[in-house]
Asker: 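Sharing a structure here in structure tokens format.
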Amino acid sequence: MQCVVDHAHDLRSEYVLRITGTVRQRPEGTANANLPTGEVEVGDCEVEVLSTAEPPAFPISDRIEADETVRMKYRYLDLRRDRMQRNLRIRARVNAALRRSMEQQGFVEIETPLLWTPTPEGAREFLVPSRLQPGSQYVLPQSPQIAKQLLMVAGFDRYYQIARCLRDEDLRADRQFEFSQLDVEASFVEPEDIYGFIGEAVADATEAVTGTRPDIERLPYSEAMERFGVDKPDLRFAMELTELTEVFSATGFKAFQAQCIKGIRVAGGSQEFGRNKLDALTDRAKSLGAKGLVWMRVKAGGELESPVAKFLSAGEQQALHKEMGAHPGDLLLLVADERRRVQEVLGQLRLDLGKPPVSEGPYRFVWVTDFPMFDGRDDAGHPVAAHHPFTMPHPDDVDLLDSDPLAVRSQAYDLVLNGWELGSGSIRIHRSDIQARVFRALGVSDEEAAARFGFLLGAFRYGAPPHGGFAVGLDRLTAILAGEDNIREVIAFPKASSGVDPMTGAPKPVDARVLADVGLRTLPPPT
RNA sequence: GGUCCUGUGGUGCAGUUUGGAGUGCACGCCGGCCUGUCAAGCCGGAGGUCGCGAGUUCAAAUCUCGUCAGGACCGCCA
């Protein structure tokens, strides 16, 4: 708002002022249609300086992007910018909408402890030394998982919480040490019930920010992997992986005598990708683990231009052309390898070549369902839990636990938005016989299970309802709704990727006396 | 632990490829002028360890090595 002042004042940017005056129409010829307040002004102003200000370390303006280091060091100035004001207000709207939605759906908000017990396995935990029990540690929870399951045993059959979670793992654009989740658990539910609860809440939050209520699609895990090569597909663009294994089932071309062949079609890409770019793509594919990358340009007459074209029969070329839906000018990229490898490589290339910016395009929510129970094997040959060890196997697959564990589907599901994993959940095991079989499959002995999770397993002996739940990553949801590709932009005081807070300087050494109080002594810094 | 990108007055950039005096642009800052302006305008001025340390060279912002910081990614995140 423009203020008209009669007498000179020594006013600088970022001063804090109290201005008293009268709002009035601007005089003829001074209106400015480009400003929201361009029709009016405050006249006959009295100005009082409440606080002077040094020039800020960087311009407080959305027009100029300051260096991250400087922004973080002076975060309180950075937060004055329109962009950050907007982002944090979007976050508040998301937060409020989620709470409102869960309350309306009859859920009860219950807080769980931040000082929790170590549960070795999973993410590395932050330790909190105990003063009253010197030498012993609490940990900060990586999630309220076990606490909320105990609440189910306790009879709070619909629990939710906007929970802070802490994981001492390396930071990324979508990962901070501490992050917030809409954490949910309910009793007597099936996956459909969870999709309903969470879908409602997330749609409410999205509508609160964008004004439009999104649909949420469904995709089984195996289909996501076959069509998109990832378990968190970005459905905003196609370029799907085409199955070509059958096409080359009898091929004489050695490189295509593989378990799986798939391809992606870059529409109109044959012009854009000259030899340099194709070489770069091949290097990229190799760095992703492929043995190689076969490229083909689709010529005007439909014939294929490729270093390997001469090894392929006319029938194979025709079938390939048809399966890929090729048009003249397209670029085809093929990978042959083990199925999982093919999916990974082409899934990543698809993202490299086609993924739109986060700020673009519709919100394509999708439930990825029927995740496998286990994901590969550890060094000892035991299957590794894909979700967590309390995940209920798919009812049809329970009998495979011993015979073919890697084929067991679980009742676990993810919510994905535009290629970001927003969160995951599952139906939990509430029967001790099934839990015992899962632990056995994982190679966890009874003693070990009792030592780690005894208090949970003990609770289950006193009548545990069937239950399941979910957790939605608030930082990620908010970032996408705000059009930001880094969750730091929706967190008031984030950490740098080194884990340091450039504003406060944390973490810092503390006095040896303070350490002694909690029974600790520091080692000399590693050399 | 690894790969890659970035680091130049307070801020944002150009200069680095092909070594030749700290050269340039915009913003800000200081002084002055002007002013119904709204990213105000005009004139003048100050402000630099080219992240840091070695090396190559007659000569390094520029080339090499190391190191620090920020960022992206891999590992990691049940």
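Source: prediction; values computed, not measured.
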Asker: Rounding to an integer number of Å, can you tell me how far A:Leu171 CG sits from B:A72 P?
Answerer: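 From A:Leu171 CG to B:A72 P: 9 Å.
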Asker: Is A:Asp168 touching bases, backbone alone, or none of the nucleic acid, heavy atoms closer than 4.0 Å?
Answerer: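 Touches nothing.
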Asker: Report the nucleotide, chosen from B:G71, B:G31, B:C74, that has the shortest atom-to-atom distance to any side-chain atom of A:Glu68.
Answerer: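 Ranking B:G71, B:G31, B:C74 by closest atom to the A:Glu68 side chain puts B:G71 first.
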Asker: Under 3.5 Å, is there a donor-acceptor pair between the A:Glu484 and A:Asn87 side chains?
Answerer: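 Checked: A:Glu484/A:Asn87 side chains pair up, N/O donor to acceptor below 3.5 Å.
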Asker: Taking the side chain as every heavy atom from C-beta outward, state whether A:Leu182 and A:Phe470 have any pair of such atoms under 4.5 Å apart.
Answerer: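 SC-SC contact between A:Leu182 and A:Phe470 ruled out.
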Asker: Does OP1 or OP2 of B:G70 have a side-chain N or O of A:Ser497 closer than 4.0 Å?
Answerer: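 No, outside the criterion.
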Asker: Looking at the base of B:G71, is there any donor atom on it, or on the side chain of A:Arg172, that sits under 3.5 Å from an acceptor on the other one?
Answerer: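 Per atom types, no contact qualifies.
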Asker: Map A:Asp174 and A:Arg26 onto RNA chain B by nearest heavy atom, then report which one ends up closer to the 5' terminus.
Answerer: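 By nearest-heavy-atom nucleotide position, the 5'-most residue is A:Arg26.
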Asker: CD of A:Glu65 versus C1' of B:C13: gap in Å, rounded?
Answerer: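 Taking atom C1' of B:C13 as the reference, CD of A:Glu65 is at 14 Å.
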Asker: As a test of reading the structure: which of B:A72, B:A39, B:G70 is closest to the side chain of A:Val500, going by heavy atoms?
Answerer: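 My answer, after comparing the listed nucleotides, is B:G70.
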Asker: To the nearest Å, give me how far apart CZ (A:Arg175) and P (B:G75) are.
Answerer: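 So the CZ-P distance, A:Arg175 to B:G75, works out to 9 Å.
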Asker: Could you give the CG-to-P distance, from A:Asn34 to B:A40, as a whole number of Å?
Answerer: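 So the two atoms are 14 Å apart, to the nearest Å.
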Asker: Quick one: A:Arg75 CZ to B:G70 C1', roughly how many Å, whole number?
Answerer: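 Atom CZ in A:Arg75 sits about 14 Å away from atom C1' in B:G70.
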Asker: Which nucleotide in the set B:C38, B:G12, B:C30 lies at the smallest distance from any side-chain heavy atom of A:Arg12?
Answerer: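 Closest of the options to the side chain of A:Arg12: B:C30.
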Asker: Of the listed nucleotides (B:G36, B:G75, B:G70), which one gets closest to any side-chain atom of A:Thr69?
Answerer: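 From the listed options, B:G70 comes nearest.
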Asker: State which residues pass salt bridge (Lys or Arg N to Asp or Glu O under 4.0 Å) with A:Arg341; sequence neighbours excluded, sorted by chain then number.
Answerer: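 Counting only residues at least two positions away or on another chain, A:Arg341 forms no salt bridge (Lys or Arg N to Asp or Glu O under 4.0 Å).
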Asker: To the nearest Å, how far apart are A:Met503 CE and B:G70 C1'?
Answerer: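 Whole-Å distance recorded here is 17 Å.
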Asker: Among B:U37, B:C73, B:C29, which is the nearest nucleotide to the side chain of A:Thr30?
Answerer: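 The answer is B:U37, which lies nearest to the side chain.
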Asker: Between A:Asn32 and A:Arg167, who's closer to the 5' end of RNA chain B by nearest nucleotide?
Answerer: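 Its nearest nucleotide being more 5', the pick is A:Asn32.
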Asker: Indicate, with a heavy-atom threshold strictly under 4.0 Å, whether A:Pro59 touches base, sugar-phosphate, or nothing.
Answerer: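 The answer is sugar-phosphate, as A:Pro59 gets under 4.0 Å only of primed atoms, P, OP1 or OP2.
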Asker: How would you list, by chain and number, every residue that makes a salt bridge (Lys or Arg N to Asp or Glu O under 4.0 Å) with A:Asp375, sequence neighbours excluded?
Answerer: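 Counting only residues at least two positions away or on another chain, A:Asp375 forms a salt bridge (Lys or Arg N to Asp or Glu O under 4.0 Å) with A:Arg340.
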Asker: Paired with B:U67 by Watson-Crick or G-U wobble geometry, both distances under 3.5 Å: which nucleotide is it?
Answerer: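 Pairing partner, where one exists within any strand: B:G51.
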Asker: Identify the nucleotide, in any strand shown, that forms a Watson-Crick or G-U wobble pair with B:A46, with both distances under 3.5 Å; if there is none, say none.
Answerer: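 By the stated definition (distances under 3.5 Å), nothing pairs with B:A46.
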Asker: Taking the C1' atom in each of B:A69 and B:A46, what is the distance between them to the nearest angstrom?
Answerer: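 My reading of the C1' atoms in B:A69 and B:A46 gives 29 Å.
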Asker: Applying a 3.5 Å limit to both distances, which nucleotide forms a Watson-Crick or G-U wobble pair with B:G75?
Answerer: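 For B:G75, the partner nucleotide comes out as none, under the 3.5 Å rule.
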Asker: If only side-chain N and O atoms of A:Arg488 are considered, is one of them under 4.0 Å from the OP1 or OP2 phosphate oxygen of B:A72?
Answerer: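 For B:A72, OP1/OP2 do have a side-chain N/O of A:Arg488 under 4.0 Å.
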Asker: Scan A:Glu41 against the nucleic acid and name what it touches under 4.0 Å (heavy atoms): base, sugar-phosphate only, or nothing.
Answerer: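 The answer is base, as A:Glu41 lies within the cut-off (heavy atoms under 4.0 Å) of a base atom.
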Asker: For nucleotides B:C58 and B:C63, find the distance between their C1' atoms and express it as a whole number of Å.
Answerer: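 Their C1' atoms lie roughly 16 Å apart.
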Asker: If we take the P atom in both B:G2 and B:G19, what is their distance in whole Å?
Answerer: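 That atom pair is separated by 32 Å.
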Asker: If you measure from the P atom in B:U23 to the same atom in B:C29, how many Å do you get, rounded?
Answerer: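 So the two P atoms sit 26 Å from each other.
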Asker: Taking atom C1' in both B:G75 and B:U67, compute the distance separating them and give it to the nearest angstrom.
Answerer: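 Each nucleotide's C1' atom is 23 Å from the other's.
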Asker: Provide, to the nearest angstrom, the distance between the CG atom belonging to A:Leu288 and the P atom belonging to B:U3.
Answerer: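 My rounded result for the distance is 17 Å.
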Asker: Does the structure show a Watson-Crick or G-U wobble partner for B:U56, both distances under 3.5 Å? Name it, or say none.
Answerer: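 None - no nucleotide pairs with B:U56, as no candidate has both distances under 3.5 Å.
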Asker: Partner of B:U17 by Watson-Crick or G-U wobble geometry, both contacts under 3.5 Å, or none?
Answerer: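 When the pairing criteria are applied, nothing turns out to pair with B:U17, so the answer is none.
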Asker: Name the nucleic acid region contacted by A:Arg284, choosing base, sugar-phosphate or nothing; use a 4.0 angstrom heavy-atom cut-off, strictly under.
Answerer: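 If one applies the 4.0 Å heavy-atom cut-off, A:Arg284 turns out to touch nothing in the nucleic acid.
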Asker: Taking only the P atom of each, what is the distance from B:G51 to B:U11 in whole angstrom?
Answerer: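 Looking at atom P only, B:G51 and B:U11 are 13 Å apart.
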Asker: Is there a donor-acceptor contact under 3.5 Å linking the side chains of A:Ser426 and A:Arg428?
Answerer: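 Present: a donor and an acceptor within the cut-off.
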Asker: Report which part of the nucleic acid A:Pro502 touches: base, sugar-phosphate, or nothing (heavy-atom distance under 4.0 Å, all strands).
Answerer: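 Counting heavy atoms under 4.0 Å across all strands, no contact is made by A:Pro502.
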Asker: For B:G70, does OP1 or OP2 lie under 4.0 Å from any side-chain N or O of A:Ser498?
Answerer: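 Answer is yes, contact under 4.0 Å.
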Asker: Using the C1' atom as the point on both nucleotides, what is the distance between B:C76 and B:A14, in whole Å?
Answerer: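 After rounding to an integer number of Å, I get 39 Å for this pair.
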Asker: Within 45° of the ring axis of A:Phe58 and under 6.0 Å from its six-membered ring centre, is that where the NZ or CZ of A:Arg81 lies?
Answerer: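 Pair A:Arg81/A:Phe58 does not count as cation-pi.
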Asker: Starting at atom CG of A:Asp62, determine the distance to atom P of B:C27, rounded to an integer number of angstrom.
Answerer: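 The answer, rounded to whole Å, is 19 Å.
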Asker: Can you list the steps and then say if A:Glu41 with A:Arg24 is a side chain to side chain contact (heavy atoms under 4.5 Å, CB included)?
Answerer: CA-CA 6 Å; A:Glu41 64 186 20; A:Arg24 65 190 186 202; 3.0 Å; yes
Asker: Please report whether the ring centroid of A:Phe390 lies less than 6.0 Å from that of A:Phe453.
Answerer: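 A:Phe453 vs A:Phe390: aromatic centres under 6.0 Å.
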Asker: Counting side-chain heavy atoms from CB outward, which of B:G1, B:G31, B:C38 is closest to A:Asp170?
Answerer: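 My answer, after comparing the listed nucleotides, is B:G1.
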Asker: Would you measure the distance from the C1' atom in B:C50 across to the matching atom in B:A21 and give it in whole Å?
Answerer: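 Rounded to whole Å, the distance is 14 Å.
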